[in-house]
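Each chain gets a letter, A, B and so on, in the order its sequence line appears, and its residues count up from 1.
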Protein chains: 2
Amino acid sequence: MNSKADILKTLGDQTRLRVVHLIAASRKSLCVCEIVDALKLPQYQVSKCLVMLRRAGLVEVDRNGTWGYYHPNLAERANVALFKFVMEYCAGEPFDLDVIALEKRLKLREKDKCVVGFVPEKELLKLMRKKGVDV
Amino acid sequence: MNSKADILKTLGDQTRLRVVHLIAASRKSLCVCEIVDALKLPQYQVSKCLVMLRRAGLVEVDRNGTWGYYHPNLAERANVALFKFVMEYCAGEPFDLDVIALEKRLKLREKDKCVVGFVPEKELLKLMRKKGVDV
DNA sequence: TGCTTATATGCTCATATTTGCATATAAGCT
DNA sequence: AGCTTATATGCAAATATGAGCATATAAGCA
């Protein structure tokens with residue numbers, strides 16, 4: 001079982017806090033590659049964060065083939081207050097910039113599903129134009 | 001400066017979380033020995049926790065001779081939400097038991113000031129009777 | 001001055017955590 | 001079957017942390 005202190009410890013790391021905040025802030029389940037692109041972090045770092053967040057009971061994953069969609073675990077009742085707090089406490093930089101980057105990246109979705117993998121920032125604009133999405 | 005993640009990391013330890021919760025839950029500034037007695041922890045552990053909590057900007061101390069009285073640092077605006085969350089999140093054991101033990105211990109105060117030092121649990125009841133405090 | 005008491009701190013060891021890289025897994029596609 | 005892609009994981013080195021104990025500081029008081 002995870003003690004409250006252990007859960008807070010899981011939040012007590014810049015990378016994990018950014019990931020958890022992004023997942024909490026987004027109203028959608030997020031694909032790993034979307035998180036990677038929004039946070040501009042190495043894929044393995046995000047993946048490891050997600051494992052820890054899952055073990056801490058903070059997020060859950062829906063798997064769809066090799067793709068994984070992460071969302072807050074609100075079945076755990078105590079998490080409701082926790083995510084509310086995280087959202088409030090993490091207002092401001094750099095967390096809000098992450099959300100902005102995510103929103104941009106989410107425009108590449110089709111039928112609200114992620115259809116591209118890792119997209120380096122340089123190519124993001126190109127891809128968006130190609131898709132006819134407003135930048 | 002303390003990042004939000006660093007502050008959460010400071011909370012991410014059972015001992016520190018108990019200390020911070022006790023200070024947040026109490027409506028008074030707490031003397032170190034009162035915290036030690038309520039939590040039944042070694043004095044050096046509590047002292048070290050308090051240093052860390054102070055460095056994290058979570059608590060402040062008023063010193064009165066050798067005695068130190070700790071209280072939440074609410075001057076830091078973000079802490080208001082944080083303490084509110086901690087109180088809500090830490091409802092239940094063992095945190096509420098700590099508060100009960102503290103309330104008992106606070107009955108030894110005179111004019112709302114701590115007047116005794118470390119009191120091992122066995123002697124607490126004896127002292128209370130001697131003082132004519134209702135147990 | 002010297003004793004007691006409240007609190008803080010230095011030190012050491014065991015253990016945990018972080019970071020980065022390379023690689024594994026496993027699904028979809030040709 | 002073989003290639004590509006999305007995601008996860010194992011490992012090793014560097015670093016950080018927590019527990020415990022002894023001791024320091026510094027104030028009040030005999």
Given [options], which nucleotide is nearest the side-chain atoms of [X]?
| X | options | result |
| --- | --- | --- |
| A:Gln43 | C:dT7, D:dT7, C:dC21 | D:dT7 |
| A:Lys48 | C:dT7, D:dG18, D:dT9 | D:dT9 |
| B:Ser47 | C:dT9, D:dA6, D:dA27 | C:dT9 |
| B:Asp13 | C:dA6, D:dG18, C:dC11 | D:dG18 |
| A:Arg16 | D:dA8, C:dT18, C:dT7 | C:dT18 |

Mind calculating the distance between [atom1] ([X]) and [atom2] ([N]) to the nearest angstrom?
| X | N | atom1 | atom2 | answer |
| --- | --- | --- | --- | --- |
| B:Arg55 | C:dA8 | CZ | P | 11 Å |
| A:Leu30 | D:dT7 | CG | P | 11 Å |
| B:Asp6 | D:dA16 | CG | P | 12 Å |
| A:Trp67 | D:dA8 | CH2 | C1' | 16 Å |
| B:Leu50 | C:dA6 | CG | P | 16 Å |
| A:Leu41 | C:dC21 | CG | C1' | 16 Å |
| A:Leu39 | D:dT7 | CG | P | 14 Å |
| A:Phe118 | D:dT4 | CZ | P | 18 Å |

- Query: Between B:Asn64 and B:Thr15, which is nearer to the 5' end of DNA chain D once each is assigned its nearest nucleotide?
  - Reply: B:Thr15
- First encountered from the 5' end of DNA chain D, between B:Gly65 and A:Arg63: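 By nearest-heavy-atom nucleotide position, the 5'-most residue is A:Arg63.
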- Task: Considering only NZ, NE, NH1 and NH2 on the basic side and carboxylate oxygens on the acidic side, decide whether B:Arg109 and B:Glu34 come within less than 4.0 Å.
- Result: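 B:Glu34 and B:Arg109: salt-bridged.
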- Query: Are A:Asp13 and B:Lys9 close enough for a salt bridge, meaning some N to O gap below 4.0 Å?
  - Reply: no
[X] versus [Y]: any side-chain heavy-atom pair under 4.5 Å?
| X | Y | result |
| --- | --- | --- |
| B:Val36 | B:Phe118 | yes |
| A:Leu50 | A:Val19 | yes |
| B:Leu102 | B:Ser26 | yes |
| B:Asp112 | B:Leu106 | no |

Using a 4.0 Å heavy-atom cut-off across all strands, classify [X] as base, sugar-phosphate, or nothing.
| X | answer |
| --- | --- |
| A:Val51 | sugar-phosphate |
| A:Val36 | nothing |
| A:Tyr70 | sugar-phosphate |
| B:Val61 | nothing |

Report yes if at least one side-chain N or O of [X] is closer than 4.0 Å to OP1 or OP2 of [N]; otherwise report no.
| X | N | result |
| --- | --- | --- |
| B:Tyr44 | C:dC11 | no |
| A:Gln45 | C:dT19 | no |
| A:Lys9 | C:dT17 | yes |

